[in-house]
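A quick write-up on the structure given underneath.
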Protein chains: 2
Amino acid sequence: MTFVTTAAAEPSPSAPRRARGEQTRQLILETALRLFRERGYAETTMRAIAKEAGVAVGNAYYYFDSKEHLIQGFYDRNQAAHRAAAEPVLTGETEFAARLRGVLHAGVDVNEPYHSFAATFFKTAAEPSSPLSPFSRESSPARDASIAIFRDVVEGSSAKLDPELRKELPELLWLGWMGVTLFWVYDNSPEQRRTRRLIDGAVPLIDRLVALSRLRVLRPALRQILALIESVRRDD
Amino acid sequence: MTFVTTAAAEPSPSAPRRARGEQTRQLILETALRLFRERGYAETTMRAIAKEAGVAVGNAYYYFDSKEHLIQGFYDRNQAAHRAAAEPVLTGETEFAARLRGVLHAGVDVNEPYHSFAATFFKTAAEPSSPLSPFSRESSPARDASIAIFRDVVEGSSAKLDPELRKELPELLWLGWMGVTLFWVYDNSPEQRRTRRLIDGAVPLIDRLVALSRLRVLRPALRQILALIESVRRDD
DNA sequence: GGACTTAGTTGAACATGTTCAGGAAGGGCG
DNA sequence: CGCCCTTCCTGAACATGTTCAACTAAGTCC
């Protein structure tokens, strides 16, 4: 079985030990994601992945703890793509609203091709104990990277806002982004237009709220909100 | 196999045709929910349910399309229990904030015994295409019943508020309740105290916002928000 | 070079959700 | 009663995620 079946990275026996394993891992991941895209998540069997990749079923389990774990690779990729797609806005725009809007739309753009099957495996991410949950320990690198985008949104903007709020805002915006994503998953309007409308409608509201945060009169209300967040976050 | 195995409702052969089937259905559902509670959802096999109920595996599939569909029974029950638990507050309290707070706490109370395994099967509810999704067609009876509770919260309260908002508020509060539930699922603080704190902190804020809705100055902002909701809801 | 270690790989075996061809069994109808 | 239809029920068979004992071979150490 040494003839070339695909042009893709087939592990070459000549490669050094470490690299060889990494090659196999990538091959399995690539194959899996391709099949997920082509047939959907549930319809893709581990046997099919293994066969298509030219390895034994057990080998896939040597590199990935479970079928679900293959999805993590998808997340990592999408996260990087979001960052890249947001880059122009983050370097070009200075107004808070425009930055936020651009970043959110970039996120939707990046996800768009996967909408149909993202919904299919979204369920696995929703389980709190799942490593795929956006709040899980295993997701924390991807999560931190995602929050970093929103920190960039805030810090690179010309908007002046309450310093307390400034500290919390990136994480709150990320949470909002999770909300948008949740909405997006459920949104089956053509081209997910409702999600776009949600973004376009919500961003000005958020912008106005954020601007209001500096008003002396609203200080107590803001403190109350921040205190609530703090108290809810506390884990006891 | 005609000896009595449990004291519970075993289908009596003498019962009329229709009722007999219903009895079996109930028996299977009871058994399933009990085992879910005792062992957890994933750990309970269909074979175990069938064996425990004294029927064949196929029989369970005659009454329930899938293992997930057994959960719907759990929802229906919980919904009714929520209504019942909220009753005292809804008849006794007249202030909006107190009513809302009471209803939300009642909801958490009702769910509390199931927290550990609710999380386990929450994932199945999260899939948009699943009949268990709170937004699905199959869930609409339970959903409508739940929204009705929040309509009661609004209509039975002494609070005066913008008529436009009044129309939308029950559904918005229900959505908020879904948010609280989502938070609750992820909340593993002892006795889910964080969820309680979230409710206690958020209700006054909502109460204040709702009261503000009548201020002339805020009219444009309110209209903007309502328009956003309307536009997002539109399915095109 | 030879013994040893360990990463990498295999495929059969297992567990469990689901299906399905078929078999009772009650009740209506001639 | 005898026939038939529908409801209810059965358990073996199937599909698929996962495990595991065993094997291969690349590297390491003496």
Side-chain angles (χ1 to χ4, degrees), chain A residues 1-2 5 9-29 31-32 35-36 39-72 120-121 123-124 127 130-132, chain B residues 1-2 5 9-29 31-32 35-36 39-72 120-121 123-124 127 130-132:
Chain A
M1 290 277 257
T2 53
T5 53
E10 187 145 300
S12 59
S14 59
R17 201 94 168 286
R18 265 288 170 64
R20 180 123 197 279
E22 189 52 33
Q23 260 183 323
T24 307
R25 183 196 181 83
Q26 288 303 323
L27 173 63
I28 292 169
L29 182 58
T31 308
L35 292 184
F36 289 166
R39 319 178 179 176
Y41 177 71
E43 290 68 29
T44 304
T45 69
M46 291 299 281
R47 284 171 181 76
I49 295 170
K51 190 172 184 181
E52 194 83 358
V55 299
V57 199
N59 202 3
Y61 281 91
Y62 179 77
Y63 290 104
F64 300 92
D65 287 348
S66 73
K67 189 181 174 186
E68 294 188 6
H69 276 76
L70 284 164
I71 304 177
Q72 191 78 49
T120 317
F121 68 58
K123 57 184 286 189
T124 62
E127 192 180 20
S130 163
L132 294 176
Chain B
M1 291 278 256
T2 52
T5 52
E10 187 146 297
S12 59
S14 60
R17 201 94 169 287
R18 264 291 170 62
R20 179 123 198 279
E22 190 51 33
Q23 262 183 322
T24 308
R25 183 196 182 83
Q26 288 304 323
L27 172 64
I28 292 168
L29 182 57
T31 309
L35 292 184
F36 289 166
R39 320 178 179 176
Y41 178 72
E43 290 70 28
T44 304
T45 70
M46 291 300 281
R47 283 169 182 76
I49 295 170
K51 190 171 184 181
E52 194 83 358
V55 299
V57 200
N59 202 2
Y61 281 92
Y62 180 76
Y63 290 104
F64 298 93
D65 287 348
S66 72
K67 187 180 176 186
E68 294 188 7
H69 276 76
L70 284 164
I71 303 177
Q72 191 78 50
T120 317
F121 69 57
K123 56 183 283 191
T124 63
E127 192 180 20
S130 164
L132 294 175

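Below, chain A is the first sequence line, B the second, and so on; all start at residue 1.
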Atom pair distance, as rounded to whole Å: CZ in B:Arg47 and C1' in C:dT16: 5 Å

Between B:Lys67 (side chain) and B:Thr44 (backbone), is there a donor-acceptor pair under 3.5 Å? yes

In whole angstrom, what separates A:Leu70's CG from D:dG17's P? 11 Å

How about B:Val57 and B:Ile49: do any of their side-chain heavy atoms sit closer than 4.5 Å? no

According to a strict under-4.0 Å criterion, is B:Thr24 in side-chain N/O contact with OP1 or OP2 of D:dC8? no

Interatomic distance where CD belongs to A:Glu43 and C1' belongs to D:dG17 [whole Å]: 15 Å

Short side-chain to backbone donor-acceptor contact, A:Lys51 and A:Met46, under 3.5 Å: no

Any side-chain heavy-atom pair of B:Tyr62 and B:Thr24 under 4.5 Å: no

How close or far is atom C1' of C:dG8 from atom CD of A:Gln26, stated in whole angstroms? 16 Å

DNA chain D contacts among residues 57-67 of chain B, heavy-atom distance under 4.0 Å: B:Gly58, B:Asn59, B:Tyr62, B:Tyr63

In whole angstrom, what separates B:Lys51's NZ from C:dA15's P? 13 Å

Can a cation-pi geometry be assigned to B:Arg25 and B:Phe64, taking NZ or CZ under 6.0 Å from the six-membered ring centre and within 45° of the ring axis? yes

State which of D:dG11, C:dT10, D:dG17 makes the closest approach to the side chain of B:Ala56. D:dG11

Which distance, rounded to the nearest 0.5 Å, do you find between the CD of B:Gln72 and the CG of B:Leu29? 10.5 Å

Whole-Å distance between D:dC8 P and B:Glu22 CD? 9 Å

